[in-house]
Amino acid sequence: MEAETSWTYYPYNYITTTYVPEAESYSEQSNDDETKDTTFSMDSLLPDDLLERILSFLPIESIFRAGTVCKRWNEIVSSRRFLWNFSNNNNRNNSVPQRPWYFMFTSTDDPSGYAYDPVIKKWYTFDLPCIETSNWFVASSCGLVCFMDNDCRNKIYVSNPITKQWRRLIEPPGQRTTDYTALSTSMNRAKQSYSVSVVKSKQVPGNFFQWELSIHLYSSETMTWTTSLTDVLTGWRGGDESVIIDDVLYFLIYSTTGGSDHRHGLIASNLSSSTSSLMRSFVPMPCSLTCGRLMNLKERLVVVGGIGKHDRPDIIKGIGIWCLKGGREWEEMARMPQRYFQGFGELDDVFASSGSDDMVYIQSYGSPALLTFDMKLKCWKWSQKCPVSKKFPLQLFTGFSFEPRLEIAP
């Protein structure tokens, strides 16, 4: 692992924090009281709009610190105009680069954990809104994070984990008791609207080879759910992996017959048009995978998958990254070097992986080690060591990536 452990407390409530000035300090005075020290702040000469522009070029971590400097700075970084300037600066090449963060759960009983900022290579103690346990379903898009409970699967929240704003959605239609569920969300920054997708899969009673599958969509513009499609799959079932890209819902399906060359398949369902059969949009996977993780990287569908052995497809021998081209063809973008693959120690056939922008995160369920891959630079790197250690042999670790944004609201 690279470097030493480095983390700090994350002051997330800067928007609602009441500024408390520090106690006044007085310099020592001479006996004759002839010499007096005068302090002077250069920013007092700057008008609010200019100071606002300067602060908008800071990374998020520094903005939170700036909000605790004084009352004036706190009011500036809390204003709507500042959030707009900050958003625009992050879309410019001359601004401080902002990369997606990674949140790592530290317990299976509660949602506490740490968030990793790859730009300054630091972990922050971090509290998530709404979520009650770490086994909830999680999906993210453009600063929004969606949570769904893993029991009844009727509690769905959309939140901004940075500002702690959140909203609970109305209960989705369909059966509560499903065997498999996949959650995804998509944020439209231009319209400031978002959609949420829930794919439910349930075995047909008495028939292991047939599975009922339904797709339910939520629109923030209408604040309603619609059931866009219901179908019955033969020899395939749904799972827990899905992502929305350019109004197309992609989700993984899994073979139930054991006779398929590949254990996984991909369905691409166009949300703006209707179809009578999901299997018409079936896309074979690039190779036999032990598991697959879907993600949206700059409106491209990327799959991170465990590569199975030729004679034992359920045993992992490596990890690859592929990008879908033209709707049906896969292009291999990278394959994890053996030194990194072995660096995870004993890696199970399944693992956690997510990402956005050009950043991919890969994490073993068996350890807090976190590996990053930059799609643009084609570079593998270990993250800074997470300030959490494995306390017992069967302890599990997982997490998800999200974009830290101030201007996005649910």
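Small disclaimer: the values here were computed from a predicted structure and weren't measured.
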>> Would you say Tyr194 and Glu221 are linked by a side-chain donor-acceptor pair, where the criterion is simply a distance under 3.5 Å?
In response: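 Glu221 vs Tyr194: no donor-acceptor pair found between side chains.
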
> For Thr226 and Ser228, does a side-chain donor sit closer than 3.5 Å to a side-chain acceptor?
Replying inline: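 No pair is found: no donor N or O on one side chain lies under 3.5 Å from an acceptor on the other.
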
> Does Arg167 make a cation-pi contact with Tyr157 (under 6.0 Å, within 45 degrees of the axis)?
Replying inline: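 So Arg167 doesn't make the cation-pi contact.
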
>> For Tyr102, does the six-membered ring have the charged nitrogen or CZ of Lys122 within the cation-pi criterion, i.e. under 6.0 angstrom from the centroid and within 45° of the normal?
In response: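 Ring-cation test returns no.
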
Salt-bridge criterion met for [X] and [Y] (N-O under 4.0 Å):
X: Arg53; Y: Asp48; answer: no
X: Glu331; Y: Lys325; answer: yes
X: Arg99; Y: Glu403; answer: no

Please identify which of these residues, [options], meets the ring pair (Phe, Tyr, Trp, His ring centres under 6.0 Å) condition with [X].
X: Trp236; options: Tyr254, Phe251, Phe282; result: Phe282
X: Phe344; options: Phe351, Phe397, Trp382, Tyr365; result: Trp382
X: Trp101; options: Tyr124, Tyr116, Trp123; result: Tyr124

For the backbone of [Y] and the side chain of [X], can you confirm whether one donor and one acceptor N or O come within less than 3.5 Å of each other?
X: Gln192; Y: Arg189; value: yes
X: Ser140; Y: Val145; value: no
X: Trp330; Y: Pro284; value: yes

Nearest atoms (heavy-atom pairs only) where [X] meets [Y]:
X: Thr398; Y: Gln363; answer: C-OE1, 3.4 Å
X: Met104; Y: Cys386; answer: SD-SG, 3.8 Å
X: Trp73; Y: Ala66; answer: CB-O, 3.4 Å
X: Leu128; Y: Pro161; answer: CD2-CB, 4.2 Å
X: Phe126; Y: Lys164; answer: CZ-NZ, 3.8 Å
X: Asp374; Y: Lys376; answer: OD1-N, 2.9 Å

>> Could you check whether Trp225 and Tyr218 have their ring centres less than 6.0 Å apart?
In response: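 Yes, the ring of Tyr218 comes within the 6.0 Å limit of the ring of Trp225, centre to centre.
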
>> Any non-hydrogen side-chain atom of Arg263 less than 4.5 Å from a side-chain atom of Leu289?
In response: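 No. Closest side-chain heavy atoms not under 4.5 Å.
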
> Of Ile244, Leu183, Leu217, which meets side-chain contact (heavy atoms from CB on, under 4.5 Å) against Val196?
Replying inline: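 By the side-chain contact (heavy atoms from CB on, under 4.5 Å) criterion, Val196 pairs with just one of Ile244, Leu183, Leu217: Leu183.
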
> Picking from Ile253, Val303, Leu294, what satisfies side-chain contact (heavy atoms from CB on, under 4.5 Å) with Leu266?
Replying inline: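 That would be Leu294; it is the only one of Ile253, Val303, Leu294 passing the side-chain contact (heavy atoms from CB on, under 4.5 Å) with Leu266.
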
> Checking side-chain hydrogen bond (donor to acceptor under 3.5 Å, both in side chains) for the pair Arg153/Thr181: CA distance, chi angles, key distance, verdict?
Replying inline: CA-CA 8 Å; Arg153 303 181 184 181; Thr181 305; 2.7 Å; yes

